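Heads up: the structure comes next, in structure tokens.
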Amino acid sequence: MEYIFAPHAVAALPVTGSTGRFPVRRIFCVGRNYADHAREMGAVDQAEGREPPFFFTKPGDAVVGGGDEIAVAYPPLTANLHHEVELVVALGAGGANVAVDAAKDLIFGYAVGLDLTRRDLQARAKEKGHPWDMGKGFDQSAVAGPICPATACGHPAAGRIWLSVNGQVRQDGDLSAMMWKVPEIVANLSTLVRLEAGDLIYTGTPAGVGPLVRGDRLEAAVAGVGALRASIV
Ligand code: MN
């Protein structure tokens, strides 16, 4: 195959305990998967009942990770960049119409991630019924720590998920509060698209989202999975 220019390098994340890196294919994100966050966003209906999960995407090369402290450039055209700490599912195998019971077979591992959001652009899009893409899928919008293989960390269904900014804890939840559990998310998403190895799924954020400014230093962790540090530059 001869390309008219060199293909772009594949975005990849470090893997805990391995020198091999995880090549990222696509990035899917679940909206409003913790009732307390759905409430803080004013989506009371979703918090009360279990509506079907809904998904949005980020480009695969929006991922940024690796290193002791991940430097994230404050993105353009926003005055309200928000943090959302999330458990990230990393797929090591693909499939369509996957049963809930078989969903774990697709999962390579897990990471701590930040679904960075230009909240002002997202709010404007919601008002107008426009797509969320430019509020959610900008460059470096998908921060991720190293991937912990499920062979080492299992398949966490409960455990603390938290984020601090400049040493102040802002988000502090538990994975057990997810409305849609990881195997259900994988199964549901696999009815919409054929999932493939390399896909990442951001599984939603607990309450406490808020704005970031240049110079902020973030720490985030999921118990049993790992941690990340990032700075907004
Ligand atoms: Mn999110």
Side-chain angles (χ1 to χ4, degrees), residues 13 24 26-47 50-60 62-65 70 72 75 78 80-91 110-126 130-145 156 159-165 169-182 184-186 188-189 192 199-212 216 218-222 225 228 230 232:
L13 292 171
V24 175
R26 295 171 296 185
I27 302 172
F28 299 97
C29 306
V30 184
R32 297 182 202 125
N33 199 29
Y34 291 77
D36 57 356
H37 172 63
R39 280 192 203 99
E40 76 178 347
M41 296 303 291
V44 176
D45 290 350
Q46 281 84 351
R50 206 165 78 134
E51 301 244 321
F54 72 92
F55 299 94
F56 59 91
T57 61
K58 297 174 187 262
V63 78
V64 56
I70 303 161
V72 179
T78 183
N80 199 15
L81 176 70
H82 272 208
H83 54 78
E84 297 189 357
V85 64
E86 311 204 358
L87 175 72
V88 182
V89 178
L91 300 187
Y110 298 87
V112 185
L114 305 177
D115 164 17
L116 294 180
T117 302
R118 292 194 282 209
R119 194 70 75 199
D120 40 4
L121 270 63
Q122 184 199 29
R124 224 170 292 152
K126 282 182 181 174
H130 288 172
W132 290 10
D133 298 45
M134 292 300 114
K136 285 289 195 179
F138 50 92
D139 299 340
Q140 296 192 310
S141 59
V143 182
R160 189 181 178 211
I161 176 169
W162 62 271
L163 172 140
S164 70
V165 180
V169 174
R170 289 213 194 151
Q171 294 190 263
D172 198 351
D174 197 284
L175 299 180
S176 61
M178 283 188 193
M179 291 189 274
W180 290 90
K181 311 303 181 191
V182 167
E184 295 173 323
I185 292 166
V186 171
N188 188 288
L189 183 56
L192 290 159
D199 290 343
L200 298 179
I201 307 171
Y202 282 63
T203 58
T205 194
V209 301
L212 295 167
D216 278 346
L218 291 78
E219 282 189 80
V222 175
V225 170
L228 69 76
I232 308 298

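Every heavy atom of this structure was used, including side-chain atoms; hydrogens, water molecules and symmetry mates were not. Model, not experiment: these values are computed from the prediction. In listed order, ligands and their atoms are each counted from 1.
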(request) Count up the protein N, O or S atoms sitting under 2.8 Å from the Mn ion (ligand 1), would you? (result)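 N, O or S atoms of the protein closer than 2.8 Å: 3.
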
(request) Work out which heavy atom in Pro52 is nearest to a heavy atom in Trp180; give both atom names and the distance. (result)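 Looking at all heavy atoms of both residues, the shortest contact is CA-CZ2, 3.8 Å.
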
(request) Considering non-hydrogen atoms only, spot the tightest contact between Leu114 and Leu218 and give its length. (result)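 Minimum heavy-atom contact is CD1-CD2, 3.9 Å.
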
(request) Kindly say whether Leu87 contributes a backbone atom to a donor-acceptor pair with the side chain of Thr203 at under 3.5 angstrom? (result)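 Flag set: sc Thr203 to bb Leu87 pair under 3.5 Å.
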
(request) Mark yes or no for whether Asp216, through its side chain, and Val165, through its backbone, hold a donor-acceptor pair below 3.5 Å. (result)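 Side chain of Asp216 to backbone of Val165, a donor-acceptor pair under 3.5 Å: no, none is there.
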
(message) Per the salt bridge (charged side-chain N to carboxylate O under 4.0 Å, His left out) rule, what does the pair list look like for residues 117-126, sequence neighbours excluded?
(response)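 Sorted pair list: Glu84-Arg119.
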
(request) To the nearest 0.5 angstrom, please state how far the CZ atom of Phe55 sits from the CD1 atom of Ile185. (result)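 So the gap between those two atoms works out to 6.5 Å.
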
